[in-house]
Amino acid sequence: MSKETIKVPIWTRLLFSGLAKVPMPIMHALGDVLGWLYYTLDKRHRNIALRNLARVFPEKPKKERKKIAKKAFKQMGRTLMEIPYVFSESREDLLAHVEIENKDVLTDALAQQKGVFLLASHFSNWELMGLMPAMMGYQTSMIYRQLNQKPLDAYTLASRSRFGTHLYSRNTGVRWLLKALKNNHCIVSALDQHMGAGNGIKVPFLGHIASTSHLPAPFVAKGVPMIGMALVRQNNDFKFTLKFWDVPCPELTDDKATNEVLIMTAACKSFDDVIKENPEQWLWMHRRWRAVETDDNMTQVVHGAP
């Protein structure tokens, strides 16, 4: 989708550009308040976060898990309040806040001229992370999910594509993906969201079975590289380290379905360290393990694949 085809209401641009001029310490303070209110008032999502943390960190005291949950809600508040800045400032200004680690892992993968699956999660400021590959000069494509509010959806699309990222609705199929890989694009693929019935495969995420997108699997089986990517916040400030890591394709079998499970298990496993080292930066209030919660036959399954 080209930037020119997106019509953004002028009031939306004015609102976000105005908010982007508010000093970041003030926006962060407002984000902390927003996160605190979210944690305090939204019992449903608070309980989801606490249940998820208990699933992944059963060894941690309940008091410590509650502390992580509170920090995660504040982290989300800060991320939301940073969006006007992320969507308004220049490439140079944004890059000045990010240190890039292991860039050669990505450049080496792209040197194969097969395209690359950039595996991602909703970690720290995921909107800034999504802009990074294009800001670094790489051809980038990703699937987007439409927002219900059309003015905000138009503004978000324009902002996400302003550095050249190609955006495709999840309703358009995947024919574009073949062309993008042929043209050596980075395909940003989020692995940490629950996939509805018939739209994913069940593999471990943080050690527990979850319904996961298998979009990269058939292409990785044919030689397309997988690279993990995470934007790690530093010192609870608007300073980040963008980390890349190689995700080797596991040894495959003659069975396509088995290979998909092996590939996506390796892809999800590669996020264990970064999330467990910085648990407050991940989106715990999402029902990531809904596949287990709604299936009595899987409630006791922890490791491995079904």
Do [X] and [Y] make a side-chain contact, defined as non-hydrogen atoms from C-beta onward lying under 4.5 Å apart?
| X | Y | value |
| --- | --- | --- |
| T140 | F163 | no |
| T107 | D104 | yes |
| L242 | M229 | yes |
| V292 | R55 | yes |
| F123 | M129 | no |
| N236 | Q75 | yes |
| L110 | C186 | yes |
| N184 | K114 | no |

Does atom [atom1] of [X] have more than 12 heavy-atom neighbours from other groups under 6.0 Å away?
| X | atom1 | result |
| --- | --- | --- |
| K256 | NZ | no |
| E251 | CD | no |
| K276 | NZ | yes |

Check the angle between the aromatic planes of [X] and [Y] and answer parallel, tilted or perpendicular using the 30° and 60° thresholds.
| X | Y | answer |
| --- | --- | --- |
| Y39 | F73 | perpendicular |
| Y85 | H97 | perpendicular |
| F271 | W245 | perpendicular |
| W282 | W284 | perpendicular |

Judged by modelled atom types alone, do Q234 and T241 share a side-chain donor-acceptor pair under 3.5 Å?
->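 On atom types as modelled, these side chains qualify, holding a pair under 3.5 Å.
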Audit row: H166, Q139, side-chain contact (heavy atoms from CB on, under 4.5 Å) steps and yes/no = CA-CA 8 Å; H166 303 267; Q139 290 282 349; 3.3 Å; yes
Just jot down the side chain to side chain donor-acceptor pair (under 3.5 Å) partners of S121, sequence neighbours excluded, or say none.
->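 Expected list: none.
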Name all residues meeting the side chain to side chain donor-acceptor pair (under 3.5 Å) criterion together with K70; count only those two or more places apart in sequence or in a different chain, and write none if there are none.
->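 For K70 there are no side chain to side chain donor-acceptor pair (under 3.5 Å) partners, ignoring immediate neighbours.
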How many angstroms lie between atom [atom1] of [X] and atom [atom2] of [Y], to the nearest 0.5 angstrom?
| X | Y | atom1 | atom2 | result |
| --- | --- | --- | --- | --- |
| N125 | M132 | CG | CE | 11.0 Å |
| T258 | L252 | OG1 | CG | 10.0 Å |
| L215 | L177 | CG | CG | 5.5 Å |
| E260 | T265 | CD | OG1 | 11.0 Å |
| L118 | L106 | CG | CG | 5.5 Å |
| I201 | M264 | CD1 | CE | 6.0 Å |

Test R160 against T165 for side-chain contact (heavy atoms from CB on, under 4.5 Å), laying out the working first.
-> CA-CA 7 Å; R160 287 175 176 172; T165 299; 5.9 Å; no
Does [X] belong to the same Ile/Leu/Val/Met/Phe/Trp/Tyr cluster as [Y], with side-chain heavy atoms less than 4.5 Å apart forming each link?
| X | Y | answer |
| --- | --- | --- |
| M226 | L262 | no |
| F16 | L131 | yes |
| L206 | V203 | yes |
| W36 | L53 | no |
| L147 | L283 | yes |

Could you give me the CA-CA distance, side-chain angles and deciding distance for F219 and L178, then say whether side-chain contact (heavy atoms from CB on, under 4.5 Å) is met?
-> CA-CA 9 Å; F219 303 97; L178 298 173; 3.5 Å; yes
Quick check: closest heavy atoms across [X] and [Y], and the distance to 0.1 Å?
| X | Y | value |
| --- | --- | --- |
| A217 | I263 | O-CD1, 3.4 Å |
| T12 | P151 | OG1-CB, 3.8 Å |
| H194 | H286 | N-NE2, 2.9 Å |
| W289 | V56 | CH2-CG2, 3.6 Å |
| P204 | I209 | N-CD1, 3.9 Å |
| R233 | T79 | NH2-OG1, 3.4 Å |

Does the [X] side chain pair with the main chain of [Y], one donor and one acceptor, at a distance under 3.5 Å?
| X | Y | value |
| --- | --- | --- |
| S189 | F117 | no |
| D153 | Q149 | no |
| D246 | V105 | no |

Should the pair K239-E99 be classified as a salt bridge under the 4.0 Å nitrogen-to-oxygen rule?
->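 Looking at E99 together with K239, the answer is no, because their closest N to O distance does not fall below 4.0 Å.
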Is the NZ or CZ atom of R288 both under 6.0 Å from the centre of the six-membered ring of F205 and within 45° of that ring's axis?
->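 Relative to the ring axis of F205, which defines the angle, R288 lies inside both limits.
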Contacts of H214 that satisfy ring pair (Phe, Tyr, Trp, His ring centres under 6.0 Å) - sequence neighbours left out |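 In terms of ring pair (Phe, Tyr, Trp, His ring centres under 6.0 Å), with neighbours along the sequence ignored, H214 is linked to no residue.
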Using the test ring pair (Phe, Tyr, Trp, His ring centres under 6.0 Å), find all partners of Y138 that sit at least two apart in sequence or belong to another chain.
->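 With sequence neighbours excluded, Y138 shows a ring pair (Phe, Tyr, Trp, His ring centres under 6.0 Å) to no residue whatsoever.
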Decide yes or no on salt bridge (charged side-chain N to carboxylate O under 4.0 Å, His left out) for K269 and D272, but give the supporting numbers first.
-> CA-CA 6 Å; K269 177 68 176 175; D272 280 11; 3.0 Å; yes
Show every donor-acceptor pair shorter than 3.5 Å between a side-chain atom in residues 61-69 and any protein atom, with sequence neighbours excluded, or say none if there are none.
{"from": "E64", "atom 1": "OE2", "to": "K60", "atom 2": "NZ", "distance (Å)": "3.3"}
{"from": "R65", "atom 1": "NH1", "to": "F57", "atom 2": "O", "distance (Å)": "3.4"}
{"from": "R65", "atom 1": "NH1", "to": "K60", "atom 2": "O", "distance (Å)": "2.6"}

Pair up each side-chain donor or acceptor in residues 18-33 with any protein partner under 3.5 Å, not counting sequence neighbours, and list the distances.
{"from": "H28", "atom 1": "ND1", "to": "R78", "atom 2": "NH1", "distance (Å)": "3.3"}
{"from": "H28", "atom 1": "NE2", "to": "E82", "atom 2": "OE2", "distance (Å)": "2.6"}
{"from": "D32", "atom 1": "OD1", "to": "R78", "atom 2": "NE", "distance (Å)": "2.9"}
{"from": "D32", "atom 1": "OD2", "to": "R78", "atom 2": "NH2", "distance (Å)": "3.0"}

